[in-house]
Trainee: 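Following this message is one structure expressed as structure tokens.
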Amino acid sequence: MNLEAQRAELERLAPELLEKKKIEKIHELPELEGAENGVVMRFAPGPTGPLHIGHTRAAILNDEYVKRYGGKYIIRLEDTNPPTILPEAYDLITKDLDWLGIEYHEVVNQSSRFKIYYEYAEKLLQGGFAYVCTCPPDDWRTLKEDKKPCPHRSLEPNIHLDLWEKMLVGEFKPGEISLVVKTDLEHPNPAVRDFVALRLVDEPHPLTGDEFRVYPLYNFSVAIDDHLMEMSHVLRGKDHLNNTLRQEYIYEHMGWKKPVFIHYGWVSIEDTELSTRKIKASIEEGKYTGWNDVRLGTIAALARRGIRSEAIRQYWIEVGIKSVDIKFSWQNLYAYNKGIIDPVAKRYFFVWNPKKVTIKGENIIKSHAPLHPEKSELGNREVILSGDPIEIQVVSEDVEPLSPGTRIRFKDLCNSTSETPVVFNYAGNDLSFVKEGAKIIHWVGPDAVPAKVHMPDGKIIDGLAEKAASDSISEIVQFERFGFVKLEKGNEIEAYFAHK
RNA sequence: GCUCCCAUAGUGUAGUGGCCAAUCAUGUGGGCCUCUCGAGCCCACGACUCGGGUUCAAAUCCCGAUGGGAGCACCA
């Protein structure tokens with residue numbers, strides 16, 4: 001029986017089986033192994049600047065899991081490299097997290113934990129799992145690349161403890177001494193052989209000043225903190241795969257139970273400047289107006305444009321925690337955002353590239369345009385136009401190509417036929433006109449206010465917005481036939497473009 | 001150079017050996033619609049990287065190739 005025949009037979013016997021069942025699948029994150037009794041998770045940014053879209057995956061996904069399983073969510077600011085710290089970032093980051101809807105239970109600065117790090121450094125030294133090295137950094141690295149130990153590696157713990165003491169009290173200068181964690185010099189992966197755990201920094205720290213000179217390095221402080229803070233799961237990007245390998249040596253040296261490590265894929269975000277260092281420099285040069293310049297991918301910029309945090313959350317949940325490398329898709333993010341804001345955004349007319357046109361044959365026309373096409377309860381924008389002839393402004397491109405006699409419906413206003421591209425004859429207000437093929441265009445009356453739309457590429461589109469739009473300052477609205485924007489107060493109407 | 005990770009439509013995703021003639025979303029094209037180049041509804045387009053192997057049966061397991069990505073800092 002071929003496919004057609006089978007189908008025909010089925011149709012005869014059990015037609016209901018042929019109906020395609022539409023399964024609305026709600027996309028969910030996969031379960032986490034060993035999470036049944038709650039989790040402790042963390043998000044650990046360096047306070048080098050405010051958060052950007054790239055940070056939100058880790059921040060949101062960890063949050064999602066803590067919300068799902070219950071437990072504790074710790075924000076740990078990894079401020080162990082004074083030169084790169086931006087003091088205001090501490091506040092900017094928690095503000096960004098709040099905006100994102102992250103429910104964290106604790107905020108910890110690593111800079112407040114130096115004594116703890118020293119304590120564990122000493123333990124590692126005592127156990128023979130670390131050594132204090134005074135080789136020139138380059139020499140030490142070269143030896144490591146050749147799988148060779150430096151002369152200090154095999155010395156007795158007592159000697160190291162003694163040097164460590166001297167390192168702490170200030171007998172050395174930065175670059176002269178460091179504390180190194182032993183891993184496996186024979187390891188085929190050069191990225192996991194012995195790594196430096198603590199070093200000297202002379203630059204004052206914005207929070208602790210010059211109280212400490214011995215600074216922990218990333219892999220060391222992370223391993224200590226993750227254990228002490230009792231992390232059950234560490235969910236982070238794949239770029240940390242080799243760091244995990246290194247950190248696991250510390251767990252093994254100390255005899256600690258490891259958390260569950262999960263690494264999601266690398267995300268490439270095109271066409272968006274995300275480098276904190278570069279952004280900071282450009283702000284100082286005046287190239288960007290600030291951290292919330294709409295050309296940027298910072299949380300502050302996205303919020304300003306009318307991107308909702310729920311959209312970002314939905315996007316990352318959809319993407320999930322697979323270890324595939326992905327391309328970030330603005331388009332998909334915008335689609336989620338549109339789903340959220342379209343049902344609530346008020347509609348207004350914005351006329352770019354405006355052109356004055358006249359309507360002859362009627363001296364008073366009233367317009368009631370709904371603020372939202374499906375939500376009549378939001379009310380209308382009422383405009384009364386009068387004059388002889390009546391004068392309005394429309395988008396030039398809408399009328400320029402018009403040949404005489406073309407039917408045009410001015411949306412929510414009236415019908416007309418064109419006499420010339422700028423002169424129209426009133427043709428009643430019966431909506432069947434649209435059915436007959438009239439083109440619908442939007443317009444603004446004489447009371448329109450100047451408006452500027454700031455596009456994400458930095459371009460500014462000047463035009464006129466209907467007066468009622470001033471009632472929605474600081475809201476996300478839709479400029480019909482243009483796109484969604486967020487309104488800001490200015491001398492005129494300042495709008496920041498979100499997406500179509 | 002060494003090491004590691006990954007591979008389903010343009011993008012993201014479901015899929016854990018038979019129910020895959022492959023899911024959903026997004027996108028693109030078209031249609032419906034008394035008012036958006038919007039929304040909604042409907043239709044269409046579009047993918048298992050390649051080559052071997054295991055098996056009655058492979059998107060799914062194994063090997064190899066190719067391609068993409070990351071790490072090899074006294075940054076985080």
Side-chain angles (χ1 to χ4, degrees), chain A residues 3 22-28 44-48 77-81 83-85 110 133 135-138 140-141 144-145 147 174-180 187-193 195-201 215-219 221-222 237-246 263-268 276-277 314-320 322-336 338-339 342-343 345 347 349 369-370 372-374 398 409-413 415 429-436 438-442 478-484 500:
Chain A
L3 189 63
K22 199 160 190 183
I23 313 148
E24 280 291 322
K25 252 191 258 170
I26 298 155
H27 213 97
E28 269 189 0
T48 56
L77 292 158
E78 311 213 314
D79 53 348
T80 56
N81 191 34
T84 59
I85 296 171
Q110 285 192 320
C133 174
C135 293
D138 291 343
W140 176 78
R141 204 178 313 114
K144 190 173 79 157
E145 274 159 21
K147 305 184 177 180
E176 290 177 351
I177 192 165
S178 63
L179 187 146
V180 181
H187 200 111
N189 184 351
V192 303
R193 295 177 205 149
F195 60 91
V196 177
L198 296 114
R199 88 304 198 182
L200 257 20
V201 176
Y215 277 72
L217 256 354
Y218 180 76
N219 284 296
S221 57
V222 163
K238 226 165 74 173
D239 42 324
H240 287 293
L241 234 24
N242 284 323
N243 287 327
T244 299
L245 259 24
R246 290 195 271 214
H263 300 95
Y264 54 74
W266 174 260
V267 184
S268 80
T276 310
R277 192 174 44 80
Q314 284 173 16
Y315 178 82
W316 289 126
I317 289 173
E318 161 80 30
V319 168
K322 293 204 306 185
S323 45
V324 228
D325 297 334
I326 62 156
K327 272 199 192 100
F328 180 81
S329 165
W330 289 103
Q331 203 177 44
N332 288 11
L333 174 67
Y334 294 158
Y336 284 116
K338 187 153 69 178
D342 182 75
R347 268 55 172 177
F349 290 154
H372 191 281
E374 275 95 40
D398 280 336
R409 163 84 188 164
F410 294 110
K411 189 167 189 288
D412 302 310
L413 181 68
N415 303 325
N429 202 3
D430 188 346
L431 271 179
S432 58
F433 203 66
V434 174
K435 185 96 180 161
E436 289 156 21
K439 189 186 171 197
I440 298 167
I441 68 171
H442 67 286
Q478 188 194 43
F479 280 163
E480 290 194 46
R481 305 215 292 146
F482 182 82
F484 292 92
K500 288 288 285 180

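What you see is a predicted model; the values in this text were computed from it and never measured. Computation of the quantities below employed the complete heavy-atom set of this structure, encompassing side-chain atoms and omitting hydrogens, waters and symmetry-equivalent molecules. Every chain is numbered from 1, with letters handed out A, B, ... down the list of sequences.
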Trainee: From the set B:A76, B:C74, B:U3, return the single nucleotide nearest to any side-chain atom of A:R246.
Mentor: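 So the side chain of A:R246 is nearest to B:A76.
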
Trainee: Nearest to the side chain of A:E145, heavy atoms from C-beta on, is which of B:C37, B:A76, B:A73?
Mentor: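 Shortest atom-to-atom distance from the side chain points to B:A73.
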
Trainee: Tell me whether the centres of the aromatic rings in A:H240 and A:Y218 are closer together than 6.0 Å.
Mentor: yes

Trainee: Parallel, tilted or perpendicular: which fits the ring planes of A:H442 and A:F349, with parallel below 30° and perpendicular above 60°?
Mentor: tilted

Trainee: Can you check the distance between B:A47 and B:U54, where both ends of the measurement are the C1' atom (answer in whole Å)?
Mentor: 26 Å

Trainee: On the side chain of A:E318, is there an atom forming a donor-acceptor pair with the base of B:G12 - under 3.5 Å, no angle test?
Mentor: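 Yes, a donor-acceptor pair under 3.5 Å.
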
Trainee: When the nearest nucleotide of RNA chain B is assigned to A:S178 and to A:S323 on a heavy-atom basis, which residue is associated with the more 5' position?
Mentor: A:S323

Trainee: Side chain of A:N332 only, heavy atoms from C-beta on: which candidate in B:U13, B:U26, B:C72 is closest?
Mentor: B:U26

Trainee: Does B:C72 have OP1 or OP2 sitting under 4.0 Å from an N or O in the side chain of A:R193?
Mentor: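 Negative; the distance criterion is not met.
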
Trainee: Treating a pair as Watson-Crick (purine N1 to pyrimidine N3 plus N6-O4 or O6-N4) or G-U wobble (N1-O2 and O6-N3) with both distances under 3.5 Å, list the stems of 3 or more consecutive pairs that involve RNA chain B.
Mentor: B:1-7 with B:66-72, B:10-12 with B:24-26, B:27-32 with B:40-45, B:49-53 with B:61-65

Trainee: Mind checking the P distance from B:G15 to B:U8? Whole angstroms is fine.
Mentor: 14 Å

Trainee: Could you check which of B:G27, B:U36, B:U3 has an atom nearest any side-chain atom of A:R481?
Mentor: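 Nearest to the side chain of A:R481 among the choices is B:U36.
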
Trainee: Within the distance-only criterion (no hydrogens, no angle test), does the side chain of A:R409 pair as donor or acceptor with the backbone N or O of A:L431 below 3.5 angstrom?
Mentor: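 Flag not set: sc A:R409 to bb A:L431 has no pair under 3.5 Å.
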
Trainee: Under 3.5 Å, is there any donor-acceptor pair linking the side chain of A:D325 to the base of B:G68?
Mentor: yes

Trainee: Whole angstrom is fine here: how far is it from CD1 in A:I317 over to P in B:G12?
Mentor: 18 Å

Trainee: Contact between A:W140 and A:V180 at the side-chain level, heavy atoms closer than 4.5 Å - yes or no?
Mentor: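 With C-beta onward as the side chain, the pair touches.
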
Trainee: Tell me: CZ of A:F410 to P of B:U36, nearest whole Å?
Mentor: 16 Å

Trainee: Would you call the rings of A:W330 and A:F328 parallel, tilted or perpendicular, where under 30° means parallel and over 60° means perpendicular?
Mentor: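 Rings of A:W330 and A:F328: perpendicular, over 60°.
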
Trainee: Could you state the CG-P distance from A:L245 to B:C72, rounded to the nearest angstrom?
Mentor: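 That distance rounds to 13 Å.
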
Trainee: Provide, to the nearest angstrom, the distance between the CH2 atom belonging to A:W330 and the P atom belonging to B:A25.
Mentor: 24 Å

Trainee: For B:A7 versus B:U60, give the span between their P atoms, rounded off to a whole number of Å.
Mentor: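 Per the computed distance, 11 Å lies between those P atoms.
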
Trainee: Looking at A:K338, I'd like to know whether one of its side-chain N or O atoms comes within less than 4.0 Å of OP1 or OP2 on B:A39.
Mentor: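 Yes, because at least one side-chain N or O of A:K338 sits under 4.0 Å from OP1 or OP2 of B:A39.
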
Trainee: Need one value for A:D239: base, sugar-phosphate or nothing, where a base atom within 4.0 Å counts as base even if backbone is also close, heavy atoms only.
Mentor: sugar-phosphate

Trainee: Determine the contact category for A:K411: base if any of its heavy atoms lies under 4.0 Å from a base atom, sugar-phosphate if only primed atoms, P, OP1 or OP2 are that close, otherwise nothing.
Mentor: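 Touches a base.
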
Trainee: Using only side-chain N and O atoms of A:K435, determine if any of them is under 4.0 Å from OP1 or OP2 of B:C33.
Mentor: yes

Trainee: Assess the pair A:F479 and A:F484: is the distance between their ring centroids shorter than 6.0 Å?
Mentor: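 No: the rings miss the under 6.0 Å criterion.
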
Trainee: Between B:C5, B:G71, B:C74, which one does the side chain of A:N242 approach most closely?
Mentor: B:G71

Trainee: Identify which nucleotide among B:G38, B:C37, B:U26 has an atom closest to any side-chain atom of A:E374, counting heavy atoms from C-beta outward.
Mentor: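 So the nucleotide nearest the side chain must be B:G38.
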
Trainee: Under 4.0 Å, heavy atoms only, any strand: does A:P188 hit a base, just the sugar-phosphate, or nothing?
Mentor: sugar-phosphate

Trainee: How would you label the contact of A:E78 with the nucleic acid (heavy atoms, under 4.0 Å): base, sugar-phosphate, or nothing?
Mentor: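 Counting heavy atoms under 4.0 Å across all strands, the contact made by A:E78 is with sugar-phosphate only.
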
Trainee: Taking OP1 and OP2 of B:A14, is either one under 4.0 Å from a side-chain nitrogen or oxygen of A:K322?
Mentor: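 Indeed, a polar side-chain atom of A:K322 lies that close.
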
Trainee: Between the side chains of A:R193 and A:H187, does any donor sit under 3.5 Å from an acceptor?
Mentor: no

Trainee: So if I take every side-chain heavy atom of A:L431 and compare against B:U34, B:A76, B:U11, which nucleotide ends up nearest?
Mentor: B:U34

Trainee: Please evaluate the base of B:U36 for a donor-acceptor partner in the side chain of A:Q478 within a cut-off of under 3.5 Å?
Mentor: yes

Trainee: NA contact type, A:C133, heavy-atom cut-off 4.0 Å: base, sugar-phosphate, or nothing?
Mentor: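 Since no nucleic acid heavy atom lies under 4.0 Å of A:C133, the category is nothing.
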
Trainee: In whole angstroms, how far is the C1' atom of B:C75 from the CZ atom of A:F195?
Mentor: 15 Å

Trainee: When we call it a touch if two heavy atoms are under 4.0 Å apart, what does A:N243 touch: a base, just sugar-phosphate, or nothing?
Mentor: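 If one applies the 4.0 Å heavy-atom cut-off, A:N243 turns out to touch a base.
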
Trainee: Name the nucleic acid region contacted by A:G265, choosing base, sugar-phosphate or nothing; use a 4.0 angstrom heavy-atom cut-off, strictly under.
Mentor: nothing

Trainee: Given 3.5 Å as the limit, does a donor-acceptor pair link the side chain of A:S432 with the main chain of A:K435, or not?
Mentor: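 Not at all, since once roles are kept as given, no pair shorter than 3.5 Å links the two residues.
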
Trainee: Do A:D430 and A:N415 have a side chain donor and acceptor closer than 3.5 Å?
Mentor: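 No, no side-chain donor-acceptor contact under 3.5 Å.
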
Trainee: Select base, sugar-phosphate, or nothing to describe what A:N81 touches, counting heavy atoms under 4.0 Å on all strands.
Mentor: sugar-phosphate

Trainee: Please state the C1' separation for the pair B:A21 and B:C48 - nearest whole angstrom.
Mentor: 14 Å

Trainee: Atom NZ of A:K500 to atom P of B:U28: distance rounded to whole Å?
Mentor: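 Rounded to the whole Å, the gap is 11 Å.
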
Trainee: Roughly how many Å apart are B:C2 and B:C56, using the P atom of each and rounding to a whole number?
Mentor: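 It works out to 40 Å between them.
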
Trainee: So what does A:T48 hit on the nucleic acid, given a heavy-atom distance under 4.0 Å: a base, only sugar-phosphate, or nothing?
Mentor: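 Result for A:T48 = nothing.
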
Trainee: Over all heavy atoms of both residues, which pair between A:K338 and A:P343 is shortest? Give the atoms and the distance, please.
Mentor: O-CD, 4.0 Å

Trainee: Compare the minimum distances between each of B:C74, B:G71, B:U26 and the side chain of A:N189, then state the nucleotide with the smallest one.
Mentor: B:G71

Trainee: Over all heavy atoms of both residues, which pair between A:D79 and A:P47 is shortest? Give the atoms and the distance, please.
Mentor: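 Answer, listing the atom of A:D79 first, then A:P47: CB-CG, 3.5 Å.
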
Trainee: When rounded to the nearest Å, what value does the distance between P atoms of B:G38 and B:G27 take?
Mentor: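 Pairwise P distance, B:G38 against B:G27, rounds to 11 Å.
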
Trainee: Any ion pair linking A:D342 and A:R347 (charged N to carboxylate O, less than 4.0 Å)?
Mentor: yes

Trainee: B:G38 P sits how many Å from A:D412 CG, rounded?
Mentor: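 Distance, rounded to whole Å: 16 Å.
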
Trainee: For atom P, what is the distance between B:U13 and B:C6, given to the nearest Å?
Mentor: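 To the nearest whole Å, 14 Å.
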
Trainee: Please work out if A:H263 contacts a base, only the sugar-phosphate, or nothing of the nucleic acid, heavy-atom cut-off 4.0 Å.
Mentor: nothing

Trainee: Could you tell me how far B:A9 sits from B:A22 if I compare only their C1' atoms? Round to whole Å.
Mentor: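 So the two C1' atoms sit 11 Å from each other.
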
Trainee: Rounded to the nearest angstrom, tell me the gap between atom CD in A:E28 and atom P in B:A25.
Mentor: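 In whole Å, B:A25 P lies 17 Å from A:E28 CD.
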
Trainee: As a test of reading the structure: which of B:C4, B:C35, B:G1 is closest to the side chain of A:I440, going by heavy atoms?
Mentor: B:C35

Trainee: If you compare every side-chain N and O of A:R199 against the phosphate oxygens of B:C75 (OP1, OP2), does one of them come in below 4.0 Å?
Mentor: yes

Trainee: Can you tell which of B:G38, B:A70, B:G27 lies closest to the side chain of A:W266?
Mentor: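 Nearest to the side-chain atoms of A:W266, counting from C-beta on, is B:A70.
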
